[in-house]
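Each chain gets a letter, A, B and so on, in the order its sequence line appears, and its residues count up from 1.
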Amino acid sequence: MRLSAAFLPTLKESPADAQVVSHVLLARGGYIRQVAAGVYNFLPLGWRVVRKIEEIVRQEMDRAGAQEVLMPAAVPAKLWQESGRWEQYGPELLRFKDRKGAEFCIGPTHEEVIVEMVRRDTSSYRDLPLNLYQIQAKFRDEMRPRAGLMRGREFIMKDAYSFDVSDERALAAYDAMYAAYARIFRRCGLDFRAVEADTGAIGGSRSHEFQVLAESGEDAIVACDRCTYAANVEQAEVAAPTAPGIVPGAAGHAATTERAQVATPGKKSIEDVAAFLGVPQTQLIKALVYMADGKPVLALVRGDRGLNEVALKKALGAKHVYLARDVEVVDAIGVAPGFVGPVGPLRGEVAVWADAELRGARGAVCGANAADAHLVGVDVERDLPGVRFAPLRFAEPGDRCPRCGEGTYRGFKGIEVGHVFFLGTKYSAPMQCDFVDEQGATKPMVMGCYGIGITRVAAAAIEQNHDAGGICWPISIAPYEVEIVALQAGDVAVMAAAQALYDGLRARGVEVLFDDRDERPGAKFKDADLIGVPLRVAVGARSLKDGKLELKARRDAQPTLIAVDGAVELLAARVAEEHQKLRDAADAPWGSPS
RNA sequence: CGGGGCGUAGCGCAGUCUGGUAGCGCGCUUGGUUCGGGACCAAGAAGUCGGAGGUUCGAAUCCUCUCGCCCCGACCA
């Protein structure tokens, strides 16, 4: 593509509403433009990137035995009513009526449609397994779209659905998708982790998120530095403690093991209480009142820890858990938040749960269940006879890995670019997506679903691959492979050499962007850095008189001189080599879900 | 949905408090000088001041309503 003829509007300044780096660079580089909140136009450059990612996904899905289909964006409510999700799904589902008044939605995901498609024409075990996928624009009416392509309302997604005769076969399909996903993200040049995720309401036995590691990520994850275990912090297991998390401290209130009440007027937060009493925050017990399926529960963690609601929910076997509102706290405990503690008297029947780390804790400080007072010298075993223990706190970086027992957790922020899910018969059973097995018995098919946020991959790739000047695309998903910069558009020799290089590379199938504009060199270099094409060739009068061109990889600081003669071959080889590196990475051994 | 902020030329912003001919930088057009990391000079084009209603002799500015966008939080996968 000649830049002089391209629709490639770059910006010197970033749009005011772009906050994260990928949004800024996509907008400045002429990749996307916003149309509405969370809705974007893809300009030619942006669309090329999307198609590159799609193509990798297609190749790997096909390689794994999946078949591509296309389902409608407009889905009749009838199907969603069958699965029960028409009522369950909130305002995130964009609903509308057609001219006859029939209700529809724009599909945010397509389990219902695919089940309808498969059950209609599949009835025998002989027809299974099946794995069908599509690549399509989805719409989720997010409360708060943000961060450009990272969390839009309309986004392009690959969603795949597998259908099998048994759990065992379905899990094999899951593992095949898991492996395909690892190949896809490695081919995209991304640094990622497959992390164990909350199976939540669906209750399946297996779910993994593929998280691209980036500072701007919305998800907190921990990964073992020795083994392959990685998980969302909400889901991460916490190793059983080997010693009590609170022991008597050196001096003052921290050293006390005799229980006593001390005045702490107006000191409500862990931070304030610790400072006021002159004890470390690790000496405190944080007491939080939760409402679990309508009943109050007092949950205890060490002062410096965070309580993990997912873990609490699991420990209680509760369906729904939320932090109690102030009035509910007073109602249940008899004192306002800030002075709540586990040592009686509690006003009502309140179950007390403590994090496993508090077993055997001594010399602790906690709320006194009286206004403006705390207790010191608390001994959990002695003072809390009815307490039950369970892992309640968030996993943290530095924790010992519970899986291998040797490594320690390291903390990361992640951008979720893929999610694989074992569904079981959640949709196939209610929607009667059945098959007849070898014995003639009718059974619901066993399903899995597998998503990749195509447009989010583009954003995540930039979050991970950029510098002060702009984007540094991995070659596999770059809009072009080589950019030729003709430094003096008015110089006949320069333009002839650049043109010859352009023609030669294109004849070899290399994707080339040719900056033939009548601009000053500085402007062209700035634009080239911003756009981020991985290989740049500068054709300038200065080196051309010696028969040389300047080759610079986007990530390199300095260019290297190459001869005009043979430049086409050299560049084509270099492009092939860059691609090969990513393919080799995909072929390298990689962990399995286990 | 709760809290906060912002809508003025394609982009970034000033002007609003204290009403009186709509401005600056970038970009764009034309001419000239330049030409290896976003040049300089000169001349230009371009805005229903988000929209509707009101107050006023007069509204970007004051009042009411409304639409949109961004941020923080809660929510969801």
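Between A:Tyr40 and A:His23, the angle of the ring planes goes over 60°, which puts this pair in the perpendicular group of the 30/60° scheme. The aromatic rings of A:Tyr174 and A:His208 lie tilted to each other, with the angle between the two planes from 30° to 60°.
At the heavy-atom level, A:Ala18 lies nowhere under 4.0 Å from the strands shown. Within 4.0 Å of A:Arg536, counting heavy atoms only, lies at least one base atom of the nucleic acid. Nucleic acid contact class of A:Ala489 (heavy atoms, under 4.0 Å, all strands): none.
Stacking of A:Arg193 on the aromatic ring of A:Phe412 is recorded, both the 6.0 Å distance cut-off and the 45° axial limit being met.
Look at the P atom in both B:U8 and B:A60: the space between them is 15 Å, to the nearest Å. Between B:C40 and B:A45, the distance separating the two P atoms is 22 Å to the nearest Å. Remark: the separation of the C1' atoms in B:G31 and B:C71 is 46 Å, to the nearest Å. Nucleotides B:C65 and B:U48 have their P atoms positioned 27 Å apart, rounded to a whole Å. Comparing B:C49 with B:U61, their C1' atoms are spaced 10 Å from each other, to the whole Å. Taking atom C1' in both B:A46 and B:G23, the straight-line distance is 14 Å, to the nearest Å. Annotation: B:C6 and B:G50 have their C1' atoms spaced 11 Å apart (nearest Å). Nucleotides B:G7 and B:G47 place their C1' atoms 14 Å apart, quoted to the nearest Å.
Counting atom types as modelled, A:Arg146 pairs no side-chain N or O with a base atom of B:G73 as donor and acceptor under 3.5 Å. One can find a donor-acceptor pair under 3.5 Å joining the base of B:C76 and the side-chain atoms of A:Arg151.
Using a 4.5 Å cut-off on side-chain heavy atoms (C-beta onward), A:Asp167 and A:Phe422 make contact. The closest side-chain heavy-atom distance from A:Tyr181 to A:Tyr450 is below 4.5 Å.
A straight line from CZ of A:Arg153 to C1' of B:C70 spans 13 Å, rounded to a whole angstrom. Rounded to whole Å, atom P of B:C6 lies 14 Å from atom CD of A:Gln19. Remark: C1' of B:A77 and CD of A:Gln211 are 12 Å apart, rounded to the nearest angstrom. One can place CE of A:Met157 at 14 Å from C1' of B:C76, the figure rounded to the nearest angstrom. Distance, A:Glu142 CD to B:A74 P: 15 Å, rounded to whole Å. Taking atom NE2 of residue A:His23 and atom C1' of nucleotide B:C69, one finds them 11 Å apart after rounding to whole Å.
Judged by distance alone, the side chain of A:Lys524 and the main-chain N or O of A:Ala486 form a donor-acceptor pair under 3.5 Å. Between the side chain of A:Asn131 and the main chain of A:Tyr133, no donor-acceptor pair closer than 3.5 Å is present.
Nucleotides of RNA chain B nearest to A:Ala16 and A:Gln488 differ in position, and the one nearer the 5' end is that of A:Ala16. Where A:Asp529 and A:Ala37 meet RNA chain B, the nucleotide closest to each residue was compared, and A:Asp529 sits on the side nearer the 5' end.
Put simply, A:Arg140 has no side-chain N or O that comes within less than 4.0 Å of OP1 or OP2 on B:C76. Phosphate proximity of B:C70 to A:Gln34: present, with a side-chain N or O under 4.0 Å from OP1 or OP2. One finds no side-chain N or O of A:Arg520 lying less than 4.0 angstrom from the OP1 or OP2 phosphate oxygen of B:G38. Taking only side-chain nitrogens and oxygens, A:Arg144 comes nearer than 4.0 Å to OP1 or OP2 of B:C71.
Identified under the salt bridge (charged side-chain N to carboxylate O under 4.0 Å, His left out) test for residues 21-49 of chain A, with sequence neighbours left out: A:Arg48-A:Glu511.
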Practice task
Heavy atoms under 4.0 Å is the rule here; annotate nucleotides 23-32 of chain B 5' to 3' with B where the base is hit, S where only the sugar-phosphate is, and - elsewhere.
Solution key: --BSS-----
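Heavy-atom neighbours of A:Lys545 NZ from other residues, nucleotides or ligands within 6.0 Å: above the threshold of 12.
Within residues 542-563 of chain A, the residues that place at least one heavy atom under 4.0 Å from RNA chain B are, in residue-number order, A:Arg542, A:Ser543, A:Glu550.
When the options A:Met445, A:Glu82, A:Arg85, A:Glu116 are evaluated for a side chain to side chain contact (heavy atoms under 4.5 Å, CB included) with A:Tyr427, the one that passes is A:Arg85. Checked against A:Leu549 for a side chain to side chain contact (heavy atoms under 4.5 Å, CB included), the options A:Ile562, A:Leu570, A:Leu571 give a single hit: A:Ile562.
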